[in-house]
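The next block holds one structure in the form of structure tokens; read it before the comments.
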Amino acid sequence: MRVLFFSPYFYPYTSGVTTYPLKILSYLAKKNKITVLTFPLDKQSAINYQQLTIVRMPFIFKISKGFISPQSLIYFYKYAKNSDLIILNQPNFEGLFLAIIAKIFRKKIVSIFHCQVFLEGNLFIKIINFVLNVSMKTQLYLSDKIVVYTKDYIDSLSYFKMFIDKTVNILPPIEKFVPDKKFLSKLLRLKNNNIWIGYAGRISVEKGLEYLVKTMKQLNNETITLIFAGPYGKVVAGENNYYLFIQGLLKKYKLKHIFLGNLSQQQLSAFYKLIDVLVLPSINQTEAFGMVQAEAMINGTPVIASNLPGVRIPIKLTNMGIIVEPKNINKLSQAIKNILKNKNKFTNDELVKNAEKIFDIKKAYKFYDQLLTLIN
């Protein structure tokens, strides 16, 4: 099939909403012609990646994390007309115009729904959030199929009742990589005899990292170091101020910490192997699953995550961690102590093998093969 995929952000921009489709599209490209429409991260115009044709459309300016690009209508028209299937990466605002064009040409539309966006801030930010979600809901209405991570998450969104007949769920594609040996050795030297509390992902507001930092202050343990893996600062769209805020807290409380930055999959696997526990202290439903949880689990690392729809599912499926209420520093502190004292309860060979079966990436591949056959 000739598949057209649209996402405002795409690789090498790193987040769950880009990592997920990159894995699926790279697999589908073995049997199908895949074209990705996205916007540039720098001065790139068009590049190829693992059999994907990636076209980066020009834009005039950005509002918050959204792109204002009248030129994109020309690209949407050109590529939609010559495609068999349109896949929209949700959430996004810009894809509404592509969805309308696709319907005019009577093309099938699949939306991969990662999460709903809950932006906090002044009136202007709230207006942006409202417009974004109206656009996204309209795209979902125009879609023939909607793919979601978990039933738990969409059950928490009342408007999904109108889409239930065309909604299907599959756990996101989780892949196990061999750890980078050189990077593993480097981390071993850094760690020494310290306890490493790890976080993996973008440094962004919905992650609730200030509560993790405050928990570290409450623990007041000089042997503990906070280890952050993932992009931060100006490379994360709209989140530099939040990163500076977190940096300020770390310095204020004089906490030992390391920012490793963006890591390769092999380096990330080494990171998971060495941390004592991974913490995902998300505070709102912009977080819908947290793929890093599953990645940590199949590498043998226990997890602490917030009791939010979707986010709590990996731990419920595997029993490899503890679920805590969002923003509750006392509960988070207790959970960290519990796991450090009883690590064998939360990670052992049996639990890890079970997690590998649950998150087997072949299940996601088979699902998308069947979906394309059904759509076709």
Side-chain angles (χ1 to χ4, degrees), residues 1-10 16-18 20-25 27-28 32-38 57 66-67 72-73 75-117 129-173 285-286 288-289 309-310 364-376:
M1 296 181 70
R2 296 169 299 172
V3 179
L4 177 63
F5 175 83
F6 169 72
S7 178
Y9 292 89
F10 195 67
V17 299
T18 59
Y20 178 128
L22 177 62
K23 291 179 180 179
I24 294 300
L25 295 174
Y27 169 75
L28 293 177
N32 305 275
K33 180 177 172 56
I34 311 291
T35 301
V36 175
L37 285 184
T38 186
M57 302 178 291
F67 296 87
S72 65
L73 294 175
Y75 287 83
F76 289 160
Y77 177 85
K78 174 185 174 182
Y79 286 95
K81 183 174 64 172
N82 297 311
S83 299
D84 301 310
L85 172 67
I86 313 295
I87 301 180
L88 302 172
N89 208 33
Q90 306 292 352
N92 74 74
F93 164 74
E94 303 87 345
L96 174 60
F97 305 103
L98 175 55
I100 293 171
I101 292 170
K103 279 301 174 183
I104 293 173
F105 286 120
R106 298 184 180 180
K107 305 293 183 178
K108 296 287 186 178
I109 301 174
V110 171
S111 276
I112 300 176
F113 178 79
H114 298 276
C115 65
Q116 179 166 323
V117 176
N129 194 84
F130 174 77
V131 173
L132 168 63
N133 285 320
V134 167
S135 174
M136 181 190 65
K137 290 173 187 177
T138 306
Q139 292 176 65
L140 294 176
Y141 176 78
L142 294 174
S143 298
D144 296 280
K145 287 289 181 183
I146 304 169
V147 181
V148 301
Y149 294 4
T150 66
K151 186 175 182 298
D152 183 49
Y153 185 77
I154 62 167
D155 282 348
S156 69
L157 303 173
S158 58
Y159 64 85
F160 248 93
K161 292 177 182 178
M162 72 176 80
F163 305 135
I164 200 67
D165 291 339
K166 58 183 177 181
T167 299
V168 288
N169 62 280
I170 182 69
L171 293 175
Q285 286 179 266
T286 299
F289 187 83
Y365 290 160
K366 182 179 179 181
F367 170 87
Y368 276 94
D369 275 336
Q370 293 174 340
L371 181 62
L372 261 63
T373 301
L374 178 64
I375 288 291
N376 197 22

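By convention here, the first residue in the shown sequence is residue 1. Only a predicted model underlies this, so the values are computations on that prediction, with no experimental measurement involved.
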Decide side chain to side chain contact (heavy atoms under 4.5 Å, CB included) for S72 and E94; before the verdict, give the C-alpha distance in whole Å, the side-chain angles of both, and the deciding distance to 0.1 Å. CA-CA 9 Å; S72 65; E94 303 87 345; 5.7 Å; no

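- Taking the six-membered ring where the residue is Trp, F93 and F97 present perpendicular rings, their angle passing 60° and hence far from 30°.
- Considering only residues two or more places apart in sequence or on other chains, D84 meets the side-chain hydrogen bond (donor to acceptor under 3.5 Å, both in side chains) condition with R2.
- Between F113 and Y153 there is a side-chain heavy-atom pair separated by less than 4.5 Å.
- More than 12 heavy atoms of other residues, nucleotides or ligands shown are found within 6.0 angstrom of NZ on K166.
- Looking only at distances, a side-chain donor or acceptor of N32 sits under 3.5 Å from a matching main-chain atom of M1.
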Let me see the working for Y368 and I112 under side chain to side chain contact (heavy atoms under 4.5 Å, CB included), right down to the final yes or no. CA-CA 11 Å; Y368 276 94; I112 300 176; 3.7 Å; yes

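- Side-chain atoms of I154 and I164, non-hydrogen and from C-beta on, do get closer than 4.5 Å to each other.
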Could you go through the side chain to side chain contact (heavy atoms under 4.5 Å, CB included) check for N92 and Q139 one step at a time? CA-CA 9 Å; N92 74 74; Q139 292 176 65; 3.1 Å; yes

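- A donor-acceptor contact shorter than 3.5 Å links the side chain of T38 to the backbone of P8.
- For F367, the CZ atom is densely surrounded, since the number of other residues' heavy atoms within 6.0 Å is greater than 12.
- Using a 4.5 Å heavy-atom cutoff, the side chains of F10 and L25 are in contact.
- Using a 4.5 Å heavy-atom cutoff, the side chains of Y9 and V17 are not in contact.
- The aromatic ring centroids of Y79 and F5 lie 6.0 Å or more from each other.
- Judged as a side-chain hydrogen bond (donor to acceptor under 3.5 Å, both in side chains), the pairs with a partner in residues 100-116 (not counting sequence neighbours) are, in order, N89-H114, Q90-S111, S111-S143, H114-Y149, Q116-Y159.
- At least one side-chain heavy atom of I86 sits less than 4.5 Å from a side-chain heavy atom of L4.
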Side chain to side chain contact (heavy atoms under 4.5 Å, CB included) for V3 and I34? Distances and angles first, verdict last. CA-CA 5 Å; V3 179; I34 311 291; 3.6 Å; yes

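- When every heavy atom of D152 is checked against every heavy atom of P309, the shortest pair comes out as OD2-CA, 3.3 Å.
- Looking at T373, its side chain does come within 3.5 Å of a backbone N or O of D369 through a donor-acceptor pair.
- The shortest non-hydrogen separation linking I101 to A80 is CG2-CB, 4.0 Å.
- The ring pair (Phe, Tyr, Trp, His ring centres under 6.0 Å) search around Y141 returns none, not counting sequence neighbours.
- Here the side chain of D144 pairs a donor or acceptor atom with the backbone of I109 at under 3.5 angstrom.
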